[in-house]
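The block underneath contains the structure these notes are about, expressed in structure tokens.
Computed from a predicted structure; not experimentally measured. Note that these values count all heavy atoms, side chains included, but never hydrogens, waters or copies made by symmetry. Residue numbering restarts at 1 for every chain, and letters A, B, ... go by the order of the sequence lines.
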Number of protein chains: 2
Amino acid sequence: MARTRPETRRVEEAAVDLPEGVAPPGTRGRILRAALKLFAEYGYYGASIRDIAAAVGINSATLYAHYPSKEQLLADLIVVGHEELHRRLLRALVESGSDPVEQLAALVRAQVLAHADFPLLAVVSNQELHALSPQAAAPALALREHSAELLLRVLDLGAQRGIFAVPDVRLAATAIGSIGIRVANWFHSGGAYSRERVADTFAEFALRIAGAAALPGDAGTTGPPPVAGQSIG
Amino acid sequence: MARTRPETRRVEEAAVDLPEGVAPPGTRGRILRAALKLFAEYGYYGASIRDIAAAVGINSATLYAHYPSKEQLLADLIVVGHEELHRRLLRALVESGSDPVEQLAALVRAQVLAHADFPLLAVVSNQELHALSPQAAAPALALREHSAELLLRVLDLGAQRGIFAVPDVRLAATAIGSIGIRVANWFHSGGAYSRERVADTFAEFALRIAGAAALPGDAGTTGPPPVAGQSIG
DNA sequence: GTCTATAGGCCGATAGAC
DNA sequence: GTCTATCGGCCTATAGAC
């Protein structure tokens, strides 16, 4: 394993954590968390079975009593990551009303919070998927498709109703999704911004991209109201 | 090397290419291009010296007549990538007027076009930097800092002049930058959108994030003008 | 500059004792 | 379930012939 290089991290230092209830108990769970940390930091090919075992404090052979292969370890992590995001997005939509503005804000808030709460998991899910065989990657890809569809449908509905004004729905979805995905690469809980602050601000940005109004009660913006000819529409 | 897995690519298929004038002539240049392709597809640790040599059609030992180490190959690529982006951003600013709106649009257009023109180089520059030693990474990190500073200064200036209306300049810069960076992961020249279309649309999104007006002559948006209470400001 | 050959080491995974 | 020991293979890099 390469040495730790704080200046060039793929992801900020984070308490290694998995969503509640998904880590297996005992040694198996400790292996999964160690793999998460090392895959996030060094990549799948950059972290060895021996590295993971050493981080847990067991012999590398012992690892195979808990997982059949290194690839299965990665596959489990990536499924967990995609499931957690999809679950949060669904819940956000369910808890929203029928207003596309509210729905879009809820989706973006949920995506940002998921990436802020589990940055290591998000980095591994997004940047190490390529190391899985197509069969092992398929479940995660299906979940990814469903998650993308949720955002696209909300944007489409809002555009059809004239609530959103956007030059291209698919490019808007791509742009909005990109903002949230990258949160995993820079957010850390001791940083300048709270998770809620980022989520609220990025939800506001998503509404602006969509050409919608700010939600009532949202954080105000600095600067004057728009001058003539600068309103969006 | 792992097999090719089209379903789970880190980057879309792309003509392997480097900015004009940066690839060395002859075998050395062919090695650099092969390394670019393989590092982008499999990551630094996922592509071996033997893989790169095989792609060029030479023996792995021959590679060391051209490059002193595998790490130097990566370091060269990453410097080239960061230099190209910084060069384009500077030129975009120089060719812009003093209007922050025009400057922001020009910066975003330049960033998007750089990532669309050299997606492999962008992916390697962004996602493999962690594999370099701090010394080898330092030049690229300095360039990255300068590039980020350009965007931040334009946003700051516009906000101070009341031309932009943004809740947080740093978060706005992060969001705008994220949209462009991710272009390298999904754009391909045979796809549904031309590079110019993406650049124009994402420049428009950046202006919306900044709370600015669309540039005159920009592509129109679908949907009606905003209803009362939905204008940005 | 390109090759063959190989050094020296780490890789994922397994066998078998306890 | 954990260990020691090890297999067969691939890794980066070098030596030395041509």
Side-chain angles (χ1 to χ4, degrees), chain A residues 1-5 23-78 124 128 130-133 135-137, chain B residues 1-5 23-78 124 128 130-133 135-137:
Chain A
M1 180 172 62
R3 276 166 303 151
T4 299
R5 312 195 186 288
T27 304
R28 192 177 154 93
R30 288 164 59 220
I31 291 170
L32 196 65
R33 286 183 215 274
L36 171 58
K37 181 182 168 72
L38 292 170
F39 288 164
E41 181 87 12
Y42 301 105
Y44 179 73
Y45 296 113
S48 74
I49 287 285
R50 283 173 175 81
D51 294 331
I52 297 166
V56 176
I58 59 174
N59 190 281
S60 66
T62 304
L63 195 146
Y64 289 92
H66 300 276
Y67 287 92
S69 69
K70 186 185 176 187
E71 188 183 18
Q72 189 59 55
L73 215 37
L74 177 64
D76 281 12
L77 286 169
I78 288 182
V124 169
E128 303 302 327
H130 69 101
L132 291 181
S133 70
Q135 296 90 328
Chain B
M1 178 174 63
R3 278 166 301 151
T4 299
R5 312 196 188 287
T27 303
R28 192 177 155 93
R30 289 165 57 220
I31 290 170
L32 197 65
R33 287 183 214 272
L36 171 58
K37 181 182 169 72
L38 292 169
F39 289 164
E41 180 87 12
Y42 302 105
Y44 178 73
Y45 295 114
S48 73
I49 286 284
R50 282 176 174 81
D51 294 331
I52 297 166
V56 176
I58 58 174
N59 190 283
S60 66
T62 304
L63 195 147
Y64 289 92
H66 301 275
Y67 287 93
S69 68
K70 185 185 175 186
E71 188 183 18
Q72 191 58 56
L73 213 38
L74 178 64
D76 281 11
L77 286 169
I78 287 183
V124 169
E128 303 303 326
H130 69 100
L132 291 180
S133 72
Q135 296 89 328

Find the distance [X]:[atom1] to [N]:[atom2] and express it as a whole number of Å.
X	N	atom1	atom2	value
H66(B)	dA13(D)	NE2	P	16 Å
R28(B)	dT2(C)	CZ	P	13 Å
K70(A)	dT14(C)	NZ	P	15 Å
Y42(A)	dC10(C)	OH	P	16 Å
E71(A)	dG12(C)	CD	C1'	12 Å
R50(A)	dG12(C)	CZ	P	7 Å
Y64(A)	dA15(C)	OH	P	13 Å
N59(A)	dA13(C)	CG	C1'	12 Å

Whether the side chain of Y44(B) engages the backbone of E71(B) through a donor-acceptor N/O pair (distance < 3.5 Å, no angle test) should be reported.
yes

For a quick test of reading the model, state the closest non-hydrogen atom pair linking [X] to [Y] and the distance between them.
X	Y	result
A55(B)	L38(B)	CB-CD1, 4.2 Å
L74(B)	A131(B)	CD2-CB, 3.9 Å
H130(B)	E41(A)	ND1-O, 3.6 Å
R50(A)	S60(A)	CG-CB, 3.9 Å

Establish, with yes or no, whether the OP1 or OP2 oxygen of [N] is under 4.0 angstrom from a side-chain nitrogen or oxygen of [X].
X	N	result
T62(A)	dG1(D)	no
T27(A)	dT2(D)	yes
S48(A)	dC11(C)	yes

Would you indicate which nucleotide in dG12(C), dA13(D), dA5(C) comes nearest to any side-chain atom of A61(B)?
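For the A61(B) side chain, the nearest candidate turns out to be dA5(C).
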
Which nucleotide in dT2(D), dA13(D), dA13(C) has an atom nearest any side-chain atom of A65(A):
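Of dT2(D), dA13(D), dA13(C), dT2(D) is nearest to the side chain of A65(A).
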
Rounding to the nearest 10°, end axes of the helix from dG1(C)-dC18(D) to dC18(C)-dG1(D) built from five pairs each make an angle of 0°

Residue from I58(B), L36(B), I49(B) passing side chain to side chain contact (heavy atoms under 4.5 Å, CB included) with I31(B)
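So the option named by the test is I58(B).
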
Considering residues, nucleotides and ligands other than K70(B), do more than 12 of their heavy atoms fall under 6.0 Å from its NZ?
yes

